[in-house]
Protein chains: 2
Amino acid sequence: MPAKDESAAAASGAAGPRTKAPKSEQTRALILETAMRLFQERGYDKTTMRAIAAEAGVSVGNAYYYFEGKEFLIQGFYDRMTREHALDARERMAGRTDFSERLSIALESWVDCAAPYHEFAAQFFRTAADPNSALSPFSNESHPARATAVQLFREVLDGSDLGPKIDPELDELLPDLLWLHLMVVVLYWVFDRTDDTERTRAFVQRCAPFVAKIVTLSRYRVFRPLVRDAVDMIRDFVLPTIGKTAASRPATARTPSAPAGPDAGKPGKTTRRLRRG
Amino acid sequence: MPAKDESAAAASGAAGPRTKAPKSEQTRALILETAMRLFQERGYDKTTMRAIAAEAGVSVGNAYYYFEGKEFLIQGFYDRMTREHALDARERMAGRTDFSERLSIALESWVDCAAPYHEFAAQFFRTAADPNSALSPFSNESHPARATAVQLFREVLDGSDLGPKIDPELDELLPDLLWLHLMVVVLYWVFDRTDDTERTRAFVQRCAPFVAKIVTLSRYRVFRPLVRDAVDMIRDFVLPTIGKTAASRPATARTPSAPAGPDAGKPGKTTRRLRRG
DNA sequence: ACCTCTTTTTGAACGTGTTCAAGATGGGAT
DNA sequence: ATCCCATCTTGAACACGTTCAAAAAGAGGT
């Protein structure tokens, strides 16, 4: 049983090595770096595991010792790009306070950061679309990349001037919703075949004001019931799937909070007082 | 150059065989049927091309003569399921006139029809998620399965009693939008790990009234600007990607907020008074 | 019958991702 | 030093999707 799972290794052995052997970590990094370089040079499909191993000066079996499979090498890309994006977006947003503008900048920043990888993004995407894969952006909450992205969107909101006036329940959900919006943009981007993904850029420019408008309008009385419904639905059906909230599998089970309340049998803890008809 | 593309073969040779050789079509069908049977029995990954060929009593090369690759065998499944769904949904909707109910039935019918394939839907989905693949539901408009599904949703609308009162522009888009909604349900379903995909079923039950509410509310004055924006955006950015509308590359144009004329530089015929029956 | 050309069929061979039994390495404990 | 054990490394071997040159089977025409 090799110690592939470092978090487990770090948590289990109390008397064990506090920092995992730097030697092995070095090999791991070497393989990952080599893989990423070759991916960028030749594309994902054209880069064989044998080539990666050879280029890194290790055996092919060794690569599999550190990475469960070829697709796991992609994670490095994903993580790196997400970090770059967060940094770049923060920098570009600095000083701006208009929500629509900030959102637009954040999304455009993503398109820019992702641009170098667009060519083999398809392969990438294909792997991420597999629910069984650990790479799926929806699967494991632990995915650090998602946390980074959600955090960025929280900052997009916090830095803008529509602060306390909007529905607190919606406000709580918004960072995740904006991340979801980013996922839609990603989907659009992956399928975008125009030069420099101009189409996606235009899409983003149109989306941002629209989203801002929705958020702004959500304050008004007329929209409240609709917003309520949407918020409830997202809380019950979307967030749990992403791994948010303690209730991670409430579908057939009972409600996690409010034992025998009005929504017994309902998927999530809806709202305490929901005037349902 | 073998005649893999039967539509071309049928259209080109004026003096050629009006019906393509039934012999070869028989082999093709045999391979497809065998593949579908094995996929259902063992799952997609576990079913090897060698096994399909052996079970069908042909050589492996022969399978590749009729199908460009393994993934192309999936298309058979996709098409069949879509047809089944359309039939089943129509039957179940018969007599109902409430839009929300009809939509709910149509979606639930899909979940039921897709249930037998849920196990290997992941692999399926993974393939469909590849923009390069001919299987992608977004790629080629010609995809007959999508046409069937969109047509079904048109019937969902036509059979319901909210007919002429809703915004005609929205009405025109709705079938495609509902299909898009189905795609979201599919996404949800693929990732759903609950027993009998109970969670997806609950999701659908909640979505349908919500969608109906939106459609209903879209009539009121307050919502008009929002609906307008949404309709425009969808027409400009979503439908062209699906292959709808002649204007398929409007992205790089100018700012959308009407500088010169009402629709100057707009890709589609955006705002126009359509009085549809 | 014989030749000619297209359509269909074959199966060995290639390149790939992945596995695995076996070996090498290194650091403590005796 | 010697042994022990976990960690790391190896490369041959496996199974799979896919390709391809060549053979077989038809389909006309003479």
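We name chains A, B, ... by the order of the sequence lines, and we start the count at 1 in each one. Only this structure's heavy atoms are used, side chains among them; waters, hydrogens and symmetry mates stay out.
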When you check the phosphate oxygens OP1 and OP2 of [N], does a side-chain N or O of [X] lie under 4.0 Å from one of them?
X       : N      : answer
A:Asn62 : D:dT10 : yes
B:Thr27 : C:dT9  : yes
B:Ser24 : C:dT8  : yes
A:Tyr65 : D:dT9  : no

For atom [atom1] of [X] and atom [atom2] of [N], their distance in whole Å:
X       : N      : atom1 : atom2 : answer
A:Phe72 : C:dG17 : CZ    : P     : 15 Å
A:Gln26 : D:dC8  : CD    : C1'   : 14 Å
B:Leu30 : C:dT8  : CG    : C1'   : 14 Å

Nearest 0.5 Å, what's the [atom1]-[atom2] distance between [X] and [Y]?
X        : Y        : atom1 : atom2 : value
A:Phe39  : A:Thr34  : CZ    : OG1   : 10.5 Å
A:Leu107 : A:Phe203 : CG    : CZ    : 9.5 Å
B:Phe72  : B:Thr127 : CZ    : OG1   : 10.5 Å

Worksheet, complete the sentence: Whether each nucleotide of nucleotides 15-24 of chain D has a protein heavy atom under 4.0 Å at its base (B), only at its sugar-phosphate (S) or at neither (-) is summarised, 5' to 3', as -BBBB-----
Discussion item. Please give me the minimum heavy-atom distance between A:Thr241 and B:Arg199, naming the atom from each residue.
Written reply: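 A:Thr241 and B:Arg199 have their closest heavy atoms at OG1-NE, 4.0 Å.
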Worksheet item: When you check the gap from the basic side-chain N to the acidic O, do B:Arg92 and B:Asp112 get nearer than 4.0 Å?
Response: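 A salt bridge is present here (some side-chain N lies under 4.0 Å from a carboxylate O).
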Discussion item. Using the side-chain heavy atoms of A:Tyr66, tell me which of these nucleotides is nearest: C:dT9, D:dT9, D:dT10.
Written reply: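 So the nucleotide nearest the side chain must be D:dT9.
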Worksheet item: Should we count CD of A:Glu41 as having more than 12 external heavy atoms under 6.0 Å?
Response: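 Yes, because the 6.0 Å sphere around CD of A:Glu41 holds more than 12 heavy atoms from other groups.
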